[in-house]
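Sequence lines set the chain letters: A, B, ... in the order given, protein chains first and strands last, and positions in each chain run from 1.
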Amino acid sequence: MSEVRVRFAPSPTGFFHIGSARTALFNWLYARHMDGTFVLRVEDTDAARNTAEALDVLLKGMRWLGIDWDEGPEIGGDYGPYFQSQRGDIYREYLARLETVGRTYEQEGAVYFRLEGERYTEFDTYHDKEVEKVRAEPVEIEDAIRGKVVRAESRDFVIFRSDGSPTFHFVNVVDDICMKITHVIRGEDHLSNTSKHVELFHAFGVEAPVFAHLPLILKDPKTGKGKMSKRDRGSLIEEYQERHFLSGAVRNALALLGWNPGGDREIMDIGDIIEAFDIRDIQKGAARFDEAKMSHINFQYLKALPVETYSWFARPVLTGEGLIGEDHDEDHLQRVLALCQDKITSLEELPAFCAYFFTDDYEENEKAAKKLLKKGNPPELAAQVRVALADTPEASWDVASLEEAFGALARQHGEEKPFRWWPLTRFAVSGTSSGPDFLPMLEALGRDTVLRRLQRFEVAHSA
RNA sequence: GUCCCGUUCGUCUAGCCAGGCCUAGGACACCGGGUUUUCAUCCCGGCGACAGGGGUUCAAAUCCCCUACGGGAUGCCA
């Protein structure tokens, strides 16, 4: 175990934003890469917002992504408590330290942190009034991504509100000191505030940790300006959970947002990501999240799964849609899924794609129907196929026999290939013109189902 | 307004720190073609970027400056 201690310090809001998730992930990756400690600290000072459900969303999301913490809620650790709502005494103690060194004063019931330097008043156009300012020494922020950033604070700021509660800047620094955090990896929206934090670290007589400010994830310009917010599509981790994305794929996609290992590697297992992860390879510029890329990565993960595992993920999706029962035969399920696995990019498409394997009550694709029914005499063709296949007994209902049966049908009509009958048969048994490979599909459907549907088709379409 | 950060194909990015190997590489998306019974797969091809201007240098995507644009901060929110 190395000295490296990082933390993810979310405020539970009831959403697990993709930007937060990436911050959590990068902290975790760094900890794992450095063999350090990853602390989860909950900034639940806003009692109204921070409910048990909100915390649950967060913890579930973290677990789903496979981001485990070494210290924090539910497991504790040597530097707890890990909920800020339980650290009031610590904050008051640290406030007292600042008071003894004369770095605080009270105004209108709130406690301010006093900057050091020459004071003057100036008209501030942003606040549209005369304000007191301080010529404080600029502080140096060691940022592992951006290099040295120099910035000066110019106004005293509140550290304890008039209601007696400490502010974010204060608790953040106090907790980082108490928890011996060595690297603060967080979003760039905190960079400007970091000068406040460094002032505080120094006032406590502590050296500031190394900072790493991550580039922000911006909205798709089509939907607006600024950073991505929880209202934007694709911005919430729970959305990907609900849509049955593979968590490993989401994690892989997230890791690639603002970081990459150099070279052309993209699809990587988590061990390789951990091994390759380095703060120095983090992008400076903001990124825009692209769901299409995420889907592509998801598809790559899906395709690479052994069918047993694919089935393990797919089963709940299909039972959720009521397509199969809990006790559906695993061999049959896997036979069907094997035909679908490399055809669809996301498990959320699976029910619509394979419904007809499990029920006669599936939707027919109107476009495909129109196109097909326009030419020839469909009911007659279907009847021909039905008769041709009826000779194949249940026991030898497989691709080879089906191929033979179709071949015989073709020869009977003086044709070399049976392709004339295929599109129609496909539609008659599945209600669509696209899908898995044809013969294997018939095989998986089974003799009874195929013959029954052909007949149903004849009846439905004979004038 | 002020301060801070950023800017390579539509998008994610490689290259930049250690200037020449860059007529700028990859991936996604898109377009075209092929394979195929169908297809959302697969294969091949195409489109497509160093924000602009100055400088330094034999040589700049890479170093410096300016401008523009984008983002963030400027809260008794976090």
Side chain A:Thr167 and base B:C76 donor-acceptor under 3.5 Å: no
Tell me what [X] touches on the nucleic acid: a base, only sugar-phosphate, or nothing, going by heavy atoms under 4.0 Å.
X	result
A:Gly226	sugar-phosphate
A:Glu349	nothing
A:Phe438	base
A:Asp437	base
A:Leu439	nothing
A:Arg280	nothing
A:Gly258	sugar-phosphate
A:Pro436	base
A:Lys227	sugar-phosphate
A:Arg426	base
A:Val111	nothing
A:Lys284	sugar-phosphate

Sidechain N-carboxylate O distance under 4.0 Å for A:Arg135, A:Glu137: no
Residues A:Asp143 and A:Lys284 bridged, charged N to O under 4.0 Å: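 Result for this pair is no, no salt bridge flagged.
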Distance, rounded to the nearest Å, where A:Lys133 contributes NZ and B:U74 contributes C1':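 Atom-to-atom, A:Lys133 to B:U74, this comes out as 9 Å.
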Interatomic distance, A:His127 NE2 vs B:U74 P [rounded to whole Å]: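 Checked: the NE2 to P distance equals 9 Å.
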Positions of residues 291-311 of chain A (non-hydrogen atom under 4.0 Å from RNA chain B), listed by number: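 Under 4.0 Å from RNA chain B: A:Ala292, A:Lys293, A:His296, A:Phe299, A:Lys303.
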Interface with RNA chain B, restricted to residues 185-195 of chain A and to heavy atoms under 4.0 Å: A:Glu188, A:Asp189, A:His190, A:Leu191, A:Ser192, A:Asn193
side-chain hydrogen bond (donor to acceptor under 3.5 Å, both in side chains) partners of residues 285-294 of chain A, not counting sequence neighbours, each pair once: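 Qualifying pairs: A:Arg233-A:Glu291, A:Arg243-A:Glu291, A:Glu266-A:Lys293.
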Side-chain H-bond candidate by donor/acceptor type, A:Arg426 with A:Ser430, under 3.5 Å: no
Pair listing, ring-ring contact (aromatic ring centres under 6.0 Å, His included) test, anchored in residues 219-240 of chain A, at least two apart: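 Non-adjacent pairs meeting ring-ring contact (aromatic ring centres under 6.0 Å, His included): A:Tyr240-A:Phe245.
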All pairs passing ring-ring contact (aromatic ring centres under 6.0 Å, His included) where residues 279-299 of chain A contributes a residue, at least two apart: none
Main-chain N/O of A:Leu442 paired to A:Trp397 side chain as donor or acceptor, under 3.5 Å: yes
Nearest-neighbour nucleotide for the A:Tyr126 side chain, B:A27, B:C76, B:U74 considered: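 Ranking B:A27, B:C76, B:U74 by closest atom to the A:Tyr126 side chain puts B:U74 first.
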Contact nearer the 5' end of RNA chain B, comparing A:Ala9 with A:Gly285: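 Here A:Gly285 is the residue nearer the 5' end.
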Residue mapping more 5' on RNA chain B - nearest nucleotide basis, A:Asn260 or A:His169: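 The residue whose closest nucleotide sits nearer the 5' end is A:Asn260.
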Assigned partner base of B:U62, Watson-Crick or wobble definition, under 3.5 Å: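 Result: none.
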For B:A68, the Watson-Crick or wobble counterpart (both distances under 3.5 Å):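 In the structure as shown, B:A68 has B:U7 as its Watson-Crick or wobble partner.
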Partners meeting side chain to side chain contact (heavy atoms under 4.5 Å, CB included) with A:Val171 (sequence neighbours left out):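 Counting only residues at least two positions away or on another chain, A:Val171 forms a side chain to side chain contact (heavy atoms under 4.5 Å, CB included) with A:Gln84, A:Tyr91, A:Pro166, A:Asp175.
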Geometric class of the A:Phe419/A:Trp422 ring pair [parallel <30°, tilted 30-60°, perpendicular >60°]: perpendicular
Separation of A:Gln384 CD from A:His413 NE2 (nearest 0.5 Å): 3.5 Å
Ring-base stacking, A:Phe160 with B:C76 (5.5 Å, 30° cut-offs):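 Base of B:C76: not stacked against A:Phe160.
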